[in-house]
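Take a look at the structure below.
If you read the sequence from its start, that first residue is 1, and numbering goes on from there.
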Amino acid sequence: MSKGALVVPSEFADHFRQSPFEISGLLNWSPVMGWDIRTINEDLSPYDTIMLNFSSTESEYGSIARQINPEVILIGCFDYGMDVVGQYFVNLERIKVVMDRLDHIFSVNKNQVEWMKNIFPDRTIHYCPHPCDMQNVMRFRRKPEDRNMGVGAMLHQYDMQQLQSLEVLKAVERKMKKPIQKTLIGLKSRWMKDRGILVPSASIPIVGNDYSDQKMRGQPIDPLLPDIVERTPPGIGWDAVLPYCGVEMWYSLLSQFKVVLDLYTVSSIGRFGMDCAGVGVPLVASERQDSSHLLYPFTRINPYIPDEAVKFVCKLLSQDTAFYERVERTALKNLEHYSFARSKERMLRIFE
């Protein structure tokens with residue numbers, strides 16, 4: 001391979017070019033492999049290797065790239081769990097045509113690999129999880145005593161399990177006989193507004209008085225938050241909500257939680273677990289996330305059984321500092337599995 005490109009939708013490319021580093025996932029293959037980031041409308045003729053990510057908008061990228069350069073090596077990445085794929089690919093016969101254009105196919109999710117092997121028995125399907133820029137993420141780590149934002153609960157676009165997490169944390173409060181700060185994090189405000197999805201919360205985060213633009217001070221950190229937050233009295237809903245707000249701010253805020261809960265029921269790679277491991281925050285992680293088995297073996301839970309989640313959140317919030325430190329230390333040690341160096345080794349094996 002002399003020259004490679006990762007071809008992505010324009011919003012992905014714009015985001016990558018604006019950020020000094022990227023959240024765990026697809027775009028990190030660019031620095032890992034030394035590939036350029038390009039859109040389908042840019043000149044792809046100089047490249048002899050092109051990696052494509054297949055979702056609802058990109059299924060024809062392989063055809064276009066092949067027409068530009070019939071000899072190009074095409075790598076297809078399918079990075080959704082099988083249950084989410086069903087929302088995008090209605091006609092699997094059509095996807096077989098798409099996949100036949102590819103030289104190499106891999107998935108970042110173990111469950112999806114097994115399904116794809118069954119659906120496409122004549123193709124080799126590789127398992128290759130996305131990389132994590134752990135060196136950059138680790139810059140945001142804090143000492144445990146400086147993690148003072150209570151418990152965060154992750155909200156996923158493909159699995160709106162917000163009230164289940166809230167009830168788990170209310171059960172934690174009953175068991176510990178004291179209140180805890182409960183924040184729903186990861187909200188995608190535009191996506192939620194377009195679908196009329198509301199969140200009960202006692203407060204909305206606002207821009208601080210030290211912000212450089214005086215007109216923004218005192219305003220919601222995301223102008224769409226008032227449209228998706230249903231204000232409730234304290235103790236009824238969440239204490240606060242936190243939208244996804246850019247890579248650096250995301251990691252800076254995530255690192256301030258004492259513990260994080262993730263009841264994601266969709267089978268997927270578990271990128272959020274990598275984020276928590278990088279910033280050092282112990283995660284009570286759904287076993288349906290691939291990364292939970294490696295990063296959080298001591299706090300991995302069945303997302304459908306609330307008692308398991310309650311037990312581990314309580315234990316991490318207790319005075320059992322040895323357990324807390326063991327969970328954090330194990331996650332950091334095993335995060336190396338998703339490092340740039342290890343990820344490059346896995347990708348190169350696909351080409352062998």
Side-chain angles (χ1 to χ4, degrees), residues 23-25 79-88 109 111-112 149-175 180-202 222 224-225 227-230 232 235-244 250 253-254 257-276 281-293 295-296 299-314 316-317:
I23 199 168
S24 303
D79 68 349
Y80 298 104
M82 191 60 190
D83 31 13
V84 177
V85 166
Q87 300 177 22
Y88 287 100
N109 173 235
N111 173 266
Q112 187 186 39
M149 285 179 57
V151 181
M154 184 63 180
L155 183 66
H156 294 271
Q157 175 177 330
Y158 302 110
D159 189 35
M160 284 287 164
Q161 306 281 6
Q162 52 165 306
L163 296 182
Q164 290 87 338
S165 297
L166 179 60
E167 289 305 311
V168 164
L169 297 184
K170 286 182 178 180
V172 169
E173 290 178 317
R174 292 194 298 270
K175 189 170 183 178
I180 57 175
Q181 184 176 348
K182 306 176 295 296
T183 304
L184 187 65
I185 64 177
L187 283 67
K188 293 188 177 180
S189 53
R190 170 58 63 186
W191 189 91
M192 295 174 69
K193 180 182 178 182
D194 290 345
R195 289 157 179 79
I197 299 173
L198 298 179
V199 176
S201 177
D222 184 329
L224 293 179
L225 282 180
D227 296 326
I228 64 172
V229 170
E230 182 180 22
T232 59
I236 302 299
W238 296 95
D239 298 312
V241 294
L242 183 65
Y244 175 72
W250 169 248
L253 291 170
L254 181 61
F257 289 100
K258 184 73 173 179
V259 177
V260 179
L261 171 67
D262 186 5
L263 296 182
Y264 201 16
T265 63
V266 174
S267 177
S268 65
I269 177 178
R271 295 187 302 158
F272 181 62
M274 301 178 203
D275 290 344
C276 292
V281 177
L283 173 67
V284 177
S286 166
E287 65 185 7
R288 297 207 166 196
Q289 310 307 293
D290 291 347
S291 67
S292 70
H293 298 265
L295 302 178
Y296 293 99
T299 55
R300 185 177 67 244
I301 52 99
N302 182 333
Y304 291 104
I305 301 178
D307 288 352
E308 293 184 358
V310 172
K311 178 181 71 174
F312 284 125
V313 173
C314 286
L316 288 167
L317 291 175

With respect to V151, which candidate in V260, I180, V284 satisfies the side chain to side chain contact (heavy atoms under 4.5 Å, CB included) definition? I180
Apply the side-chain hydrogen bond (donor to acceptor under 3.5 Å, both in side chains) test between S189 and each candidate in D194, D227, D222; give the one that qualifies. D222
Apply side-chain contact (heavy atoms from CB on, under 4.5 Å) to F272 and I185, showing your working. CA-CA 11 Å; F272 181 62; I185 64 177; 3.9 Å; yes
To the closest 0.5 Å, what do you measure between OG (S286) and OH (Y304)? 8.5 Å
Going through the distances and angles, do L295 and M274 end up as a side-chain contact (heavy atoms from CB on, under 4.5 Å)? CA-CA 8 Å; L295 302 178; M274 301 178 203; 4.3 Å; yes
Testing the basics here: between L317 and V172, what is the closest heavy-atom pair and its distance to 0.1 Å? CD1-CG1, 4.2 Å
Here the gap from L225 atom CG to M192 atom CE, rounded to the nearest 0.5 Å, amounts to 9.0 Å
Minimum heavy-atom distance between L253 and M149, given as atom pair plus value: O-SD, 4.2 Å
Side-chain contact, heavy-atom cut-off 4.5 Å: W191 with I197? yes
For side-chain contact (heavy atoms from CB on, under 4.5 Å), just list the numbers for F312 and V259, CA-CA rounded to whole Å, side-chain angles, deciding distance to a tenth of an Å, and then say yes or no. CA-CA 10 Å; F312 284 125; V259 177; over 6 Å; no
Quick check: do L184 and L166 have side-chain heavy atoms less than 4.5 Å from each other? no
Assess the residue pair D290 and N109 against the criterion (side-chain contact (heavy atoms from CB on, under 4.5 Å)); give the C-alpha distance rounded to whole Å, side-chain angles, the decisive distance to 0.1 Å, and a yes or no. CA-CA 7 Å; D290 291 347; N109 173 235; 3.2 Å; yes
Main-chain N/O of Y264 paired to D159 side chain as donor or acceptor, under 3.5 Å: no
How far does OG1 of T183 sit from CZ of F257, to the nearest 0.5 angstrom? 4.5 Å
Heavy-atom side-chain contact between S268 and Y158 under 4.5 Å: no
Check: S201/E230 side-chain N/O donor and acceptor closer than 3.5 Å: no
Are the side chains of L169 and W238 in contact, using a 4.5 Å heavy-atom criterion? yes
NZ of K175 to NZ of K311, rounded to nearest 0.5 Å, is 8.0 Å
Closest approach of G237 and T232, non-hydrogen atoms and distance? N-OG1, 3.5 Å
Under 3.5 Å, is there a donor-acceptor pair between the side chain of R300 and the main chain of E287? no
Inter-residue atom distance R271.CZ - H156.NE2, 0.5 Å rounding: 10.0 Å
Roughly how far apart are K170 NZ and S165 OG, rounded to 0.5 Å? 12.5 Å
Might you point out which heavy atoms bring S291 and G273 nearest each other, and give the distance in Å? OG-CA, 4.0 Å
